[in-house]
2 protein chains.
Amino acid sequence: MAKPNIMVVDDEKNICELLRLYLEKEDFDVTIVNNGSDAIALIRQNQPSLVLLDIMMPVIDGWEVCRQVREFSSVPIIMLTAKGETFDKVMGLDLGADDYIVKPFDTKEVVARVKAVLRRSSSADTEGEVRYDKLTVNIVKYELCVDGKVIDTPPKELELLYHLAKNPNRVYTRDQLLDEVWGFEYFGDSRTVDVHVKRLREKLEGVSDQWSLKTVWGVGYKFEVKTP
Amino acid sequence: MAKPNIMVVDDEKNICELLRLYLEKEDFDVTIVNNGSDAIALIRQNQPSLVLLDIMMPVIDGWEVCRQVREFSSVPIIMLTAKGETFDKVMGLDLGADDYIVKPFDTKEVVARVKAVLRRSSSADTEGEVRYDKLTVNIVKYELCVDGKVIDTPPKELELLYHLAKNPNRVYTRDQLLDEVWGFEYFGDSRTVDVHVKRLREKLEGVSDQWSLKTVWGVGYKFEVKTP
DNA sequence: GCCTGATTTCACAGAATATTAAAAAAAAGA
DNA sequence: TCTTTTTTTTAATATTCTGTGAAATCAGGC
């Protein structure tokens, strides 16, 4: 299993670095963002495993970030709050936060809570799954779900889509895709990839404007996720 | 033995979190659901060890959830009731609840009752058993029960069905099944699996539309459970 | 606007996979 | 041991998927 990626969102840089220090020691990948709008864009793009989100931030505060993120993602979110905010206040607002931690916090506690929330959210149902607006690709169930409906999909197509969607916005050449999806010992025409992309596009067209299977002319293909 | 999984069903999120806190401290896995219909779907899918079920919920109340769950599962259920509901009122309705707790409750009491009900219900006759709508597979009794009738089933077939049904929706390749059901030292043709699946299908066809033994073309087989 | 090479699209043949029936082999029971 | 049941193998059939080449279309450079 790959390292979970934790995104830390806080405008105070020294707090970010402190968290990075402790989280990396526990073998998490850490991404730091210092403002709300960047956070929203990056969560959409990178699909982190968990977000640590400070409430008190200029321009867009943590509440608003949480609310907006919940419109497109169910990534676990832990709120970092000032002293005085009670459980009810933070969790009762129905913004979809998964836990909260009161500042000034004990770093051990943060790590413990991150692990607890991760444990909870990694249920058997979402194992091997990527989700975007109206799209779910699950490689354990071998199931493609478009707009709530399960679409019968041949294995190679599903594996290709999973691979691309798992790494959004990253361009792959046809040869890379043949290596990584078909297996490196496979020798075949790179037209093969085109045909599978075409067949996927038929299944996916017009479903959402949040993402698409894009051609990068002269290079290859990518699963593009829009950042509004 | 794996951690028991407790499902908490309550529309009040802070109560859920409180229960989670205490139950996780006692080394239970906790799943939280905030409404009745999700609860029914998830119980069907995940087969928790025990359900803590609030009666007062919007849309579908706890009584109705209990009644519907009992149509396909014998999972132990503890009802969470408002003050004033007497034992007779709650348990006398014959909806199949196993115990009840009056709100506001003492968390210690909840934990104690959960443990008590679990102890009771882990009796010899539900051990090693999976249940779905009109289907019970028991690996201890080596018994397959379809639509209330016991069906004579050879051991390998039963073991295969048990393995698949115990891990619903997950695809297994033929080789995985040979490893996990026949044993890893077994060397045989993977067509063997097909033949057993065919014979199981004969026994199971048309019994329920809630589940089925699905072929995943190019990959293997899965026991698929529909989420209504 | 025209040329060039890249991409899309299509249809079909052949490859790969799944189903089924039936026979052979193995195991269990009488 | 003989019979019965279960399991495995085999092989024929049915099904679905995959890759290919050729034509059509498109994007970008000149």
Side-chain angles (χ1 to χ4, degrees), chain A residues 137 139 141-144 150-164 171-206 212-224, chain B residues 137 139 141-144 150-164 171-206 212-224:
Chain A
V137 190
I139 200 71
K141 300 183 190 170
Y142 262 80
E143 201 176 79
L144 167 64
V150 175
I151 307 281
D152 257 1
T153 312
K156 275 271 144 29
E157 275 176 52
L158 194 112
E159 287 161 18
L160 175 61
L161 178 58
Y162 181 78
H163 188 76
L164 288 167
V171 185
Y172 291 90
T173 64
R174 292 172 176 72
D175 285 342
Q176 279 180 318
L177 290 169
L178 284 175
D179 277 1
E180 291 166 27
V181 177
W182 274 254
F184 78 100
E185 70 288 342
Y186 179 87
F187 295 99
D189 200 296
S190 64
R191 278 317 102 227
T192 300
V193 179
D194 302 19
V195 175
H196 280 83
V197 168
K198 178 208 175 319
R199 289 175 184 151
L200 281 170
R201 281 175 175 161
E202 281 171 4
K203 297 187 171 71
L204 301 175
E205 79 179 340
S212 59
L213 268 180
K214 275 266 166 87
T215 304
V216 180
W217 213 87
V219 187
Y221 296 102
K222 67 174 169 180
F223 183 87
E224 187 176 84
Chain B
V137 190
I139 199 69
K141 300 187 201 165
Y142 265 82
E143 200 175 81
L144 168 64
V150 175
I151 307 280
D152 255 3
T153 311
K156 272 273 144 29
E157 273 176 55
L158 195 115
E159 288 162 19
L160 176 61
L161 179 58
Y162 181 78
H163 187 77
L164 289 167
V171 183
Y172 290 91
T173 65
R174 292 173 176 72
D175 285 342
Q176 279 179 318
L177 291 169
L178 285 175
D179 277 1
E180 291 165 27
V181 178
W182 274 255
F184 77 101
E185 71 289 343
Y186 178 88
F187 295 98
D189 199 295
S190 64
R191 281 310 106 204
T192 300
V193 178
D194 302 23
V195 175
H196 281 83
V197 167
K198 177 194 170 349
R199 289 179 186 146
L200 280 170
R201 281 176 174 160
E202 283 168 2
K203 297 187 172 71
L204 301 175
E205 79 178 339
S212 60
L213 267 181
K214 275 259 167 99
T215 304
V216 179
W217 210 93
V219 187
Y221 295 102
K222 66 175 167 180
F223 184 87
E224 187 175 82

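Quick note: numbers below take in every heavy atom, side chains included, and nothing from hydrogens, waters or symmetry partners. Reminder, nothing fancy here: chain letters follow the sequence lines and each chain counts from 1. In this text the structure is predicted, and so the values were computed from the model without any measurement.
B/D194 comes within 4.0 angstrom of a base, heavy atoms only. Across all strands, A/V197 comes closer than 4.0 Å to no nucleic acid atom at all (heavy-atom distances). A/V219 comes within contact range of the sugar-phosphate backbone alone, with a heavy-atom separation under 4.0 Å but no base atom that close.
Atom-to-atom distance recorded for B/E157:CD and B/L144:CG is 9.0 Å, nearest 0.5 angstrom.
Here C/dA22 presents its C1' atom at 13 Å from CD of B/E202, a figure rounded to the nearest Å. As rounded to whole Å, 7 Å separates atom C1' of C/dA6 from atom CZ of A/R191. In this structure, B/L213 places its CG atom 14 Å from C1' of C/dA18, rounding to the nearest Å. Atoms NZ (A/K214) and C1' (C/dT8) sit 16 Å apart, rounded to a whole Å. With rounding to whole Å, A/K198 atom NZ is found 8 Å from C/dC10 atom C1'. What separates CG of B/D189 from P of C/dT17 is a distance of 13 Å, to the nearest Å. Taking atom CD on B/E205 and atom C1' on C/dT19, their separation rounds to 14 Å, with Å as the unit.
One N or O on the side chain of B/Q176 and one on the backbone of B/T173 form a donor-acceptor pair closer than 3.5 Å.
The shortest side-chain heavy-atom distance between B/L164 and B/K222 does not fall under the 4.5 Å cut-off. Side-chain contact between A/F223 and A/L161 is present, with heavy atoms from C-beta onward closer than 4.5 Å. Put simply, the side chain of A/Y221 reaches to within 4.5 Å of the side chain of A/D194, judged on heavy atoms. Within the 4.5 Å cutoff, side-chain heavy atoms of B/Y186 are placed close to those of B/T192. By the 4.5 Å heavy-atom criterion applied to side chains, A/Y172 and A/V216 are not counted as neighbours. Between A/V195 and A/K156, the closest side-chain pair of non-hydrogen atoms is not below 4.5 Å.
Within residues 174-188 of chain B, the residues having any heavy atom closer than 4.0 Å to DNA chain C are, in order of number, B/R174.
Of the residues A/D152, A/T153, A/I151, the one that meets the side-chain contact (heavy atoms from CB on, under 4.5 Å) test with A/L158 is A/T153.
For B/T215 and C/dT19, the shortest distance from a side-chain N or O to OP1 or OP2 is below 4.0 Å. At the phosphate of C/dA6, neither OP1 nor OP2 sits under 4.0 Å from any side-chain N or O atom of A/Y221. Close to C/dA16, at under 4.0 Å from its OP1 or OP2, lies no side-chain N or O of A/K156. For B/R199 and C/dT20, the shortest distance from a side-chain N or O to OP1 or OP2 is not below 4.0 Å.
Using a 4.0 Å cutoff to heavy atoms of chain B, the contacted part of DNA chain D runs 5' to 3' from D/dT6 to D/dC17.
Residues B/V195 and B/D152 each lie close to DNA chain D; by heavy-atom proximity, the contact nearer the 5' end of the strand is made by B/D152. With the nearest nucleotide of DNA chain D identified for both A/P154 and B/P155, B/P155 has the one nearer the 5' end.
Residues B/T215 and B/R201 come closest through the heavy atom pair OG1-NH2, 2.7 Å.
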